[in-house]
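Heads up, the thing below is written out as structure tokens.
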Amino acid sequence: MITLALSKGRIFDETLPLLAAAGITIDEDPEKSRKLILGTSRPELRVVLVRASDVPTYVQYGGADLGVAGKDVLIEHGGEGLFQPLDLRIAKCRMSVAVRDDFDYAAAVRQGSRLRVATKYTLTARQHFADKGVHVDLIKLYGSMELAPLTGLADAIVDLVSTGSTLKANHLVEVERIMDISSRLVVNQAALKLKREPIRRLIDALGAAVSKEVA
Ligand code: ATP
Ligand code: MG
């Protein structure tokens, strides 16, 4: 048996067409069922549903052989024990710094004042500001980062942006783009050795599906 870890929502939705291109369908729609383990059209392949940020952990410890995780999540996890053979080019967005539209970010950075930055992505944020030589106090949040500058909790946030409409709706502006984000296929390194053939076949089929999407 091979186990693939996916998270509900955009990663599940955008992995589905890649699996379909590889001739694999999932037996149930996670939005309609409460099951956490789903069968597929391949008897030897099953899908487990976990939180997006738990995918690397499941794969690292062998709770799943493979998984799909965003680069954002992989950076924060550290990638230990994970083989990352494929950029699936799905769930694309960017990691950015945003502030209130009336906050003079350039001046704050220029003056060398200590910035208060709220984020779920503390490792990425710490690295980004260290590279710029900007002193920051990081405030760890688990969601609704947009609220932090509006309530005075923080001067800036580091968060994922795709269209920018959430920022705009909350009177925030993107002032720096830190990196482009997409989701990758991650594989447990021991499983890659023990179940080499079926895992290789799946990686190759997904790789071919990605190339076809790009072409
Ligand atoms: P959870 O809901 O468990 O707290 P999450 O909010 O990070 O986790 P999703 O919103 O499903 O989970 O996001 C999963 C992944 O999709 C993220 O890790 C990121 O790589 C990508 N992603 C997040 N937000 C966006 C976005 N606005 N546009 C495109 N991709 C995104
Ligand atoms: Mg989310």
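Please read all numbers here as calculations on a predicted model, not as lab measurements. As the structure lists them, so they are numbered: ligands from 1, and atoms in each ligand from 1.
For the side chain to side chain contact (heavy atoms under 4.5 Å, CB included) test with Ile37, the passing option among Thr3, Val47, Leu49, Val48 is Val48; the others fail.
When the side chains of ILVMFWY residues are joined at heavy-atom separations under 4.5 Å, either directly or via intervening members, Leu153 and Phe129 end up in a single hydrophobic cluster.
When each atom of ligand 1 is checked for a heavy atom of Val73 under 4.0 Å away, the hits are 18 (O). Each of the atoms 17 (C), 18 (O), 19 (C), 20 (O) of ligand 1 lies under 4.0 Å from some heavy atom of Asp72. Close contacts between ligand 1 and Ala52 involve ligand atoms 3 (O), 8 (O), 12 (O), 14 (C) [criterion: under 4.0 Å to a heavy atom]. Of all the atoms in ligand 1, the ones that sit under 4.0 Å from a non-hydrogen atom of Ile181 are 20 (O). Taking every heavy atom of Gly70 and a limit of under 4.0 angstrom, the matching atoms of ligand 1 come to 20 (O).
Of the candidates Glu14, Arg51, Lys92, Lys71, it is Lys92 that places a heavy atom closest to atom 29 (C) of ligand 1.
Residues meeting the side-chain hydrogen bond (donor to acceptor under 3.5 Å, both in side chains) test with Gln189, sequence neighbours left out: none.
For Gly9, the heavy-atom gap to ligand 1 stays at 4.0 angstrom or more.
Closest non-hydrogen pair, Val59 versus Gly67, comes out as CG2-N, 3.7 Å. Closest approach of Ile157 and Ala148 over heavy atoms only: CG2-CB, 4.1 Å. Smallest separation of non-hydrogen atoms from Ile26 and Leu6: CD1-CD1, 4.3 Å. Taking every heavy atom of both residues into account, Glu76 and Lys120 meet most closely at OE1-O, 4.3 Å. Of all heavy-atom pairs spanning Leu86 and Gly207, the tightest one is CD1-N, 3.4 Å.
The proximity of Val161 to ligand 1, defined as any non-hydrogen pair under 4.0 Å, does not occur for either the backbone or the side chain. Contacts between Thr163 and ligand 1, counted as non-hydrogen atom pairs separated by less than 4.0 Å, are absent for every part of the residue. The residue Glu76 has no part lying near ligand 1, judged by heavy-atom distances below 4.0 Å.
To the nearest 0.5 Å, atoms CD1 (Ile24) and CG (Leu206) are separated by 6.5 Å.
For ligand 1, the polar-atom distance check finds an N/O of Ser162 within less than 3.5 Å of one of the ligand's N/O atoms. Close N/O approach between Lys120 and ligand 1 is found [any backbone or side-chain N/O within under 3.5 Å]. Between Ser53 and ligand 1, not a single N/O pair is under 3.5 Å apart. Considering backbone and side-chain atoms together, Arg10 places an N or O closer than 3.5 Å to an N or O of ligand 1.
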